[in-house]
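Data first, discussion second: the structure below is written as C-alpha cells.
Lettering of chains follows the sequences in order, A, B, ..., and the numbering in each one begins at 1. The structure presented is a predicted model; accordingly, all values stated were derived computationally and were not measured.
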Number of protein chains: 2
Amino acid sequence: MLESLYLNLGQHDALSDAEKALLAGAMTFERHFATGQDIVASGSRPTYSTLILDGLAARYKVLENGGRQFTSLQVPGDFVDLHAFLLKTMDHGIVALSPCHVMFADHARLRAITEQAPHLTRLLWLDTLVDGAIHREWIVAMGRRSKTSHLAHLVCELFVRLQVVQRTNGMSFHLPLSQAEMADVLGLSVVHMNRVIGALRKVGVVSWANHTVTILDWHKLREIAEFDPTYLSMTREPR
Amino acid sequence: MLESLYLNLGQHDALSDAEKALLAGAMTFERHFATGQDIVASGSRPTYSTLILDGLAARYKVLENGGRQFTSLQVPGDFVDLHAFLLKTMDHGIVALSPCHVMFADHARLRAITEQAPHLTRLLWLDTLVDGAIHREWIVAMGRRSKTSHLAHLVCELFVRLQVVQRTNGMSFHLPLSQAEMADVLGLSVVHMNRVIGALRKVGVVSWANHTVTILDWHKLREIAEFDPTYLSMTREPR
DNA sequence: AAGCGGGTGCAACAAATGTTAATGCCTATC
DNA sequence: GATAGGCATTAACATTTGTTGCACCCGCTT
C-alpha cells in the first residue's frame, strides 16, 4: 500500500525496514476523493498529513479576481501537506485533479518520529526540501523561460517524477489536466496555453491527446526545456 | 552576534537558552562578502550552511541565453542554504546583493542537532518550510498577479520580514537592488520594471529613491498586493 | 434523434511586455 | 574639472500574451 512512499523517500537514501514500519505506524485511515474535490482546505489546521497513494493532486491559491494558480503538482508517493505538520495553518488549498486515493499520517505520530528516529526525520525533512527545490525551478520557469520551454520543462519533470513511482508507461504518462487547468499551472490564459501546447506538438517532441502525454523525442525535449534533474536530488546517498 | 537568527527562529515558537547555545555551538567562522560576490556556487557541495548576519543576498539560476532569475531574497537571520545540509548538491547559486557578513554552520554539528535536539530540529525544518511557503507565494505572484500587484506584494513581504529582524526604520527599509536586479526578481525586462515601479509611485503608496523604500500608505499597498502574511507563519505556537 | 455541456482549436483584435536606442544624472577617478 | 561608466528614465516600435467569439467534436441525457 505504501510502496509509492517508500520509492519516493527511498530514491534519496536507503530506507530501513524499521523506518518503513515507523512510517506505516504513523498512518491512520484512507479515503477517496473525486476529481475536483478539495483534499485540504485553505485556512484549515489539519492534525494529519495527507499521502497520495494514487491519483494526481495540486496545491493552489485563488486571488480576489478569481484567478487560480497551482503552485505544485503532487504525484503518488507525495505528501501533499507534510509542511502543515509544522506550519500548522494551511495558506493554500489542495485539490484532486483525478480520483485520488489517499492516506492520512497523524501529526502526533510524526512528532514521535522526530523525537525518536533522526534519520527518518531527515528523510521527511528532505522530502519537503525537494518540494522547495521544485518550487524554485518553477519560479525560474515562470520568470525567465519561454512558455514553450516552460511547458517542456514541466513535461520532463513530471515524466521523471512519475517514473520514480512507476507511473509511466514507456515514454508515456497519464496527465488528466484539461488545458484550462494546465493554464493555471503555467499562469497563462487558456487560449495561449492551447497555442503553447500546439507549438510543442508542432516541433514533434510530444504527442498529447486523451490526457496521455507521449514523449517522442526526449533528447530534443530536454534541450528545449534545458532540463537538468539535479534539483530533484535523485541520487542515493547518506542524508 | 546571532541575535537575528534567534529573532527569526523565535518568531515561530519559543527558543530556549539551551537551544540558542546549540545553535551557537554549530557555528564556525565568519566571513565578509562584497556586493556581487558569490556566497555559494551552483553545483558545489558545501559542508556548512551559511547564515546571514548582515546584508542582503539572493538565490538565483542562470539560463543558457544568459537570463537570470532570483528565486528568493535572504535577509539577516536567514540561512541561505540550510537545504544543502540534506540536498547535498547546490542546484543554484547565492549572491551577495550588498556587503554581507555571514557565519557558517558546520553540517556535522547540524546533524548532531538532529540526533539530539528534536525541537530545535523541528524549528530548523520549519525555517526551510517557510522558505517553501514564500516560494509558493512568489509562484502565485508571477503567474496570476498583475506586475504592479506583484511588486506591491514583494514590498509588503520584505517589509514584514525585515521588521522581524529589526532592519526597518519606521515605514522605510533599505533595498540595495538596482532596477535591473529587481527585474531579475520579478522576471521582467529592465524597462518594464521601471514602468511598474513608476506605477506604484504614481498611486502614491511608496516612495523609492536612493535604495530606500518608504511605505506611504500601508493599507492601500496591502490592498493592491492582496497581502496576507499567513504564509510567513509569524504566530508563536508550539511546533 | 435532438439537445446539452465541456473541452479543444482557431481567428481577429486589444493590451501587456520586450527591444533598442537615446538622454540625463550621478559618482569615481585621474 | 574633465571624463567614463553605471544607472534611471523615456520614446518608438516589435513581439508576446490576453480577450472575445465562434466552430467543432464527443459523450451524455432526454
Legend entry - B/Lys147 NZ - C/dT17 C1' separation (whole Å): 8 Å
Inset, instruction - Would you mind classifying the nucleic acid contact of B/Gly187 as base, sugar-phosphate or nothing, using non-hydrogen atoms under 4.0 angstrom? - result: sugar-phosphate
Inset, instruction - Report yes if at least one side-chain N or O of A/Arg201 is closer than 4.0 Å to OP1 or OP2 of C/dG9; otherwise report no. - result: yes
Inset, instruction - For A/Ser189, report the nucleic acid contact type (base, sugar-phosphate, nothing); a contact means any heavy atom under 4.0 Å. - result: base
Legend entry - Identified side chain to side chain donor-acceptor pair (under 3.5 Å) counterpart of B/Tyr231 within the set B/Arg136, B/Glu137, B/Glu157: B/Glu157
Legend entry - Value rounded to 0.5 Å, distance of CG in A/Leu2 from CE in A/Met103: 5.5 Å
Inset, instruction - Indicate the ring-plane relationship of B/Phe159 and B/Phe173, choosing parallel, tilted or perpendicular according to the 30° and 60° boundaries. - result: tilted
Inset, instruction - Give the rounded distance in Å between these two atoms: CD1 of A/Ile197 and P of D/dT17. - result: 14 Å
Inset, instruction - Mind checking side chain to side chain donor-acceptor pair (under 3.5 Å) for B/Thr212 and listing every partner two or more places apart, or none if nothing turns up? - result: none
Legend entry - Nucleotide C/dG9, atom P - distance to CH2 of A/Trp208 in whole Å: 11 Å
Inset, instruction - Starting at atom CG of B/Asn210, determine the distance to atom C1' of C/dC26, rounded to an integer number of angstrom. - result: 10 Å
Inset, instruction - Could you summarise the pairing of DNA chain D as dot-bracket text, marking Watson-Crick and G-U pairs under 3.5 Å with ( ) or [ ] inside the strand and | across strands? - result: ||||||||||||||||||||||||||||||
Inset, instruction - State whether A/Asn194 places a side-chain N or O below 4.0 Å from either non-bridging phosphate oxygen (OP1 or OP2) of C/dT8. - result: no
Legend entry - Value in whole Å for how far the C1' atom of C/dT17 lies from CZ of B/Arg195: 7 Å
Inset, instruction - Rounded to the nearest angstrom, tell me the gap between atom CG in B/Leu186 and atom P in C/dT17. - result: 11 Å
Inset, instruction - Give the rounded distance in Å between these two atoms: CG of A/Leu177 and P of C/dG7. - result: 12 Å
Legend entry - Which nucleotide in D/dT19, C/dT20, C/dT17 has an atom nearest any side-chain atom of B/Leu188: C/dT17
Inset, instruction - State, without any angle test, whether B/Thr50 and B/Arg31 hold a side-chain donor-acceptor pair at a distance under 3.5 Å. - result: no
Legend entry - Nearest to side-chain heavy atoms of B/His192, which nucleotide of D/dC7, C/dG18, D/dG18: C/dG18
Legend entry - Selection from C/dT8, D/dT10, D/dT19 that lies nearest to any side-chain heavy atom of B/Val191: D/dT10
Inset, instruction - Calculate the interatomic distance between B/Arg145 atom CZ and C/dT17 atom P; express it in whole Å. - result: 15 Å
Legend entry - Modelled atom types, side-chain donor and acceptor of B/His192 and B/Arg195, under 3.5 Å: yes
Legend entry - Heavy-atom pair with the smallest gap, counting every atom of B/Leu63 and A/Arg144: CD1-O, 3.5 Å
